[in-house]
Structure formats: C-alpha cells, structure tokens
There are 2 protein chains.
Amino acid sequence: MEYTIKQVAKLSGVTQRALRHYEQVGLLSPRRKSGSGYRIYGKEDLVRLQQILFYRELNLGLSTIKSICLDPDFDLESALTEQKRLLQEKRDQLDRLLLTLEHTLQERKGERMMTDQERFEGFKRQLVEENEKQYGKEVRERYGKETAQRANAQMMGMDESAYNEFTALGEKLLEKLSEAAKLGDPTSVSAMEVARMHKRWLGYTWGEYSAEAHRNLVQMYVDDERFASYYQGNAEFLRDAVHHFLDNN
Amino acid sequence: MEYTIKQVAKLSGVTQRALRHYEQVGLLSPRRKSGSGYRIYGKEDLVRLQQILFYRELNLGLSTIKSICLDPDFDLESALTEQKRLLQEKRDQLDRLLLTLEHTLQERKGERMMTDQERFEGFKRQLVEENEKQYGKEVRERYGKETAQRANAQMMGMDESAYNEFTALGEKLLEKLSEAAKLGDPTSVSAMEVARMHKRWLGYTWGEYSAEAHRNLVQMYVDDERFASYYQGNAEFLRDAVHHFLDNN
DNA sequence: ATACACCTTGACGCAACGTCAAGGTCAACA
DNA sequence: TGTTGACCTTGACGTTGCGTCAAGGTGTAT
C-alpha cells in the first residue's frame, strides 16, 4: 500500500508542510519518490509517523525524536511501552492540574485558602519532567542497552552468535576509539580503522547502508549529549574520522 | 505581599524571560516598578499568571489569552469553570491516545490488526478542538454575555442601577457606532462622541483608565474575530475613531 | 488543448521564548 | 568606603516548528 503526501496528511492529521519539514530535518523520508519527484510513502512510514506524533505529544523536540528513532538500539516495542508510561504520567499531571483548578475555584468562593505555592502546583513539576525528557535519560536508563539491543537483534534476524559478534564489535570499537582519539589525528590510519569498524557495526542493524545516513549519525553523536557521553567525549573525533573515511571512500 | 521577578519565576516555574515577554505583549504587567525600574509583582499578578498558565496548557496563543483576559466581560469564576471543562476534555483525549497506543502494542505482538485510520485515532480529533479553542467560540457561547457581565458588575461593586446604566450605555454605543461608521469618517464629530462613549463605558469596569490600554483594546477589537463580529464590522472604524480621539486628547 | 487538482522547491514570516551582551542596583562585608 | 556578588534592567539576535505565499511542473479528464 502506497500513499501520496495528501493521503498521509489526511490520514494522520499532519499538514503536508509538516511532512515536508520532517523530511527536511531527516526525521521521516518517504520510502521512494516517483519519476517526477512526487513523494510516495509506505506503511513503514506511517508507523514512523505515529511514533513521531507520540513523542511530540510528550513535547520532545524534533531533533531529540530523530536521535531516538535513528539510534541503532531503537526498538519499537520498548518505545511504545515507554511512551505509554510517559503518557500516563502526563495524564496524572493533568489530574493534579485539575485539582489545583478545583482549589482555586473553592478559594474564589471563599471556601478555602491557598498558598502561593499551591496556586502553581501541577505546573512546576512539568518543567522537571520536560528536562528529563529532553535528554531522554529516563528513556535510556529504564531499559539497559542490553534489553533493547537484544530485541533489536532478534528483529533483524540475528542468531546468538551474530549477536555476540555484534556486541563484541561494539566494545572493541569503544576501545579502539579512545586509543585513536588519544593520538589526536582523525585522519590517522588507526582512526580510519575505527571508522571502518563503525560502519561494520552499523551493518548489523542497518538493513541497507548509506554514506549520508552514516554522516548524519556521527554528527548526531556530537549534537546529542547522550551519545556524546556514551562515546566518552570522543564523539567529535569519531565524526571527523568517519567523515574523512567517507570522503576518501 | 510583593515579589521580585525572580521570586515569581521560582514560585510559578515560569522563566524570567517569559515574564518579561508577557509584559512586552501586554499580557501581564507587574503592579508597579520600583524607583530603579525593578519589576514588582503583587498577588493579583499571581492570579493572572495562573490564568495564563491554565490557558497555555490548553494551547491557546498569547494573543488569544490576552483578549480573553482584557475583555470587559471577563469573569474569573466562569473562566475557571470553563478551563476545568476543557482540561477534562484534554484528559479524555489523552485517554484515547493511550488506547491507540495500547492497540499498537497489541498489533506489534500480533494480537490485533489495525487500519491506517486507527493508527492515528486520538491525534486527529485534537486538531478540530484546537481550532475551536483558537477562536474561543465555545468559551463565549457557553455563557451568554449576561451572566458574565452581571458577575463582573457585582465584583466591581456596581449596584442594580449602575449595572443598568452600564448595559444601556453599551447598547447605545453599538447604535451610535454603526451610525457614525456609515458616514465613513472616523475623525468626524459623531465619531469622537462614540469614542468618548466607549471610554465612559470602559470606566464602569476598568478601575483605572489608561490611554495606552484603551488603544490596545480597540486594536484588539480589530485583530480578534470575536470582537470584530461583535462590533458588526465596525471594529476598524472604532479603532480609528478612538485613536484619533486620544491623539487630540 | 485546456482545465483542474495535484505535486514540487524555495523563501520569507511568525510565535514564544532562549541566550547572550552591556550595564545599572543593592545589601553585605572588609 | 570601596568592592564583591547576586540581583535587576533593556536591547538584540537566534531557534524551533511549522504557516503561508509564489512560481512552476504533472497527470488525467473532458
């Protein structure tokens, strides 16, 4: 089943402009384009769009959503479970707000006194949550990499040994990266080795490989704090190395 | 009890920048400024801020909130009741979303099939609601002017006869306005009379009068559809008349 | 062949702030 | 009395997530 942009817009309630915008920022690209350049979306794109909307409902920024969805550890089922928890939290929050409102009404009628703090109960908590969400710490910490990775591996049809290779490669990558980074030259031979390893590592989860996506991903490692810290401050080095690697094919 | 901007920010969870912004757009001005220009907020300002936050939670734009709060017919108690209803609606919406999420999870586990429409149930309804809210039709229609006006009058300490004068003046204003508008000249003598009447009319509800607020208000009559229609297409004329009136003191 | 609804890519606009920058204020403490 | 340090001020430019044209290509139906 394929859909034009108008059909997707009508189906999802998202405007055409928004869909184009999502493509521009690399968040949701149609599965293909017609001969004359028309966008053609597929079922997978609808699933992705739904994900985007759920996250947006939780007030995540598009760039944050992007990094979540492009993360090799992304697993739809864990994501849905997490979204459920967060949406429930949001609903509870709304309930607190309604309580505050009720109190304010009572105060108005002279049936109750309110302190200044009480007047803003239900608004403030939100801010803390938003911050936590922005950096997605909760999302990450709640499921150790292990679970999500395994789920993902299964979905990609890896067997136990392939999975072990995958994780081993991931660890080795981290090692080699910090070694190479110490030398400081992202064009060095060892840096190129790291870049090649990274590409191989992505191969385990990335059905099809594209240099552009690879470039974007490592750029994201730099932009997104979570990745940056996962790569222990070597995200920039990794980016430069991979870019240089890809430049020289 | 008075508060500096920092205290208000801490109390409410709103940033200082946002508070300054609210002042800039004429939404929330501190009750006074200290000798050295420091913003000093009072209890009334906190109540107003709470109102703003409730409306923001409902995704109303600042300009819409402004017109609601500056409306001579604004009544806190009706507003709170209405907010309660809308927030409850929003919570129900969240529940629908959670249902969709649950269905998607089940689909993932192969326990259920989903149509494309179902996948976006709970998102789309939102759009319609947002539109209705934007123009605040519900908010207005739910309480005829009568109720709110009476409540407001009571709060301002008007007695029955003052209230009658107030409403009579309001009606006469509409009449004279449309008469004057027919002539087309907003600087005419009859236009100036209308402007003076409008000022007098505001006097009933405005505690203290300020020319700037008056200018803003009539500008809003033009910008906001609801007022524009209340003044039967003569909002622009009224604005020009009042501005000219104020220019010539 | 022309009408019509659809699509494309710019490019500018806008709301609601975030984020400096440059400088004034004020209570406290040496 | 001078000097921190925390607070405040007013610009002014930046960012996000689109909305809203504008100018033009596409596709099918009559």
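A, B, ... follow the sequence lines: proteins, then strands. Residue 1 opens every chain.
- Close to D:dT10, at under 4.0 Å from its OP1 or OP2, lies a side-chain N or O of B:Lys33.
- With rounding to whole Å, A:Asn59 atom CG is found 15 Å from C:dA16 atom P.
- At a cut-off of 3.5 Å, with distance as the only test, a side-chain donor of B:Gln51 or B:Gln83 sits close to an acceptor on the other residue.
- At the phosphate of C:dC26, OP1 or OP2 sits under 4.0 Å from a side-chain N or O atom of B:Ser36.
- Per the geometry, CZ belonging to A:Arg20 stands 11 Å off P belonging to D:dG19, to the nearest Å.
- For A:Tyr38, the side-chain atoms get nearest to D:dT26 when compared with the rest of D:dT26, D:dG19, C:dT9.
- Side chains of A:Thr100 and A:Glu118: a donor-acceptor N/O pair is absent below 3.5 angstrom, by distance only.
- Residue contacts for A:Ser34: at a heavy-atom cut-off of 4.0 Å it reaches no nucleic acid atom on any strand shown.
- Nucleotides of DNA chain C nearest to A:Arg17 and B:Val25 differ in position, and the one nearer the 5' end is that of A:Arg17.
- Rounded to whole Å, atom P of D:dC13 lies 14 Å from atom CD of B:Gln24.
- With B:Ser67 contributing its side chain and B:Ser63 its backbone, the two residues share a donor-acceptor pair below 3.5 Å.
- Picking from C:dC7, D:dC7, C:dC17 the nucleotide with the shortest atom distance to the side chain of B:Ala18 gives C:dC17.
- Look at NE2 on A:His21: it is 14 Å from P on D:dT15, rounded to the nearest Å.
- Checked against D:dC18, C:dC7, C:dC17, the side chain of A:Arg56 finds its nearest nucleotide in D:dC18.
- Evaluation of atom-type donor-acceptor distances gives no pair under 3.5 Å for the side chain of A:Tyr22 against the base of D:dG17.
- Distance CD (A:Gln16) to C1' (C:dT9): 14 Å, rounded to an integer number of Å.
- Residues A:Asp45 and A:Tyr3 bring no donor and acceptor atom of their side chains to less than 3.5 Å of each other.
- OP1 or OP2 of D:dT9 sits under 4.0 Å from a side-chain N or O of B:Arg39.
- Comparing D:dG27, D:dG17, C:dA11 against the side chain of A:Leu62 picks out D:dG17 as the nearest.
- D:dC18 atom P lies 13 Å from atom CD1 of A:Ile5, rounded to whole Å.
- Atom OH of B:Tyr55 and atom P of C:dA15 are 21 Å apart (whole Å).
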Begin from the C-alpha positions of A:Lys84 and A:Glu89 and carry the test salt bridge (charged side-chain N to carboxylate O under 4.0 Å, His left out) through to its verdict.
CA-CA 9 Å; A:Lys84 184 176 161 189; A:Glu89 216 169 77; over 6 Å; no

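- Rounded to an integer number of Å, the gap from B:Ile40 CD1 to C:dT25 P is 15 Å.
- Between A:Thr15 and B:Gly37, the residue whose closest nucleotide on DNA chain D is further toward the 5' end is B:Gly37.
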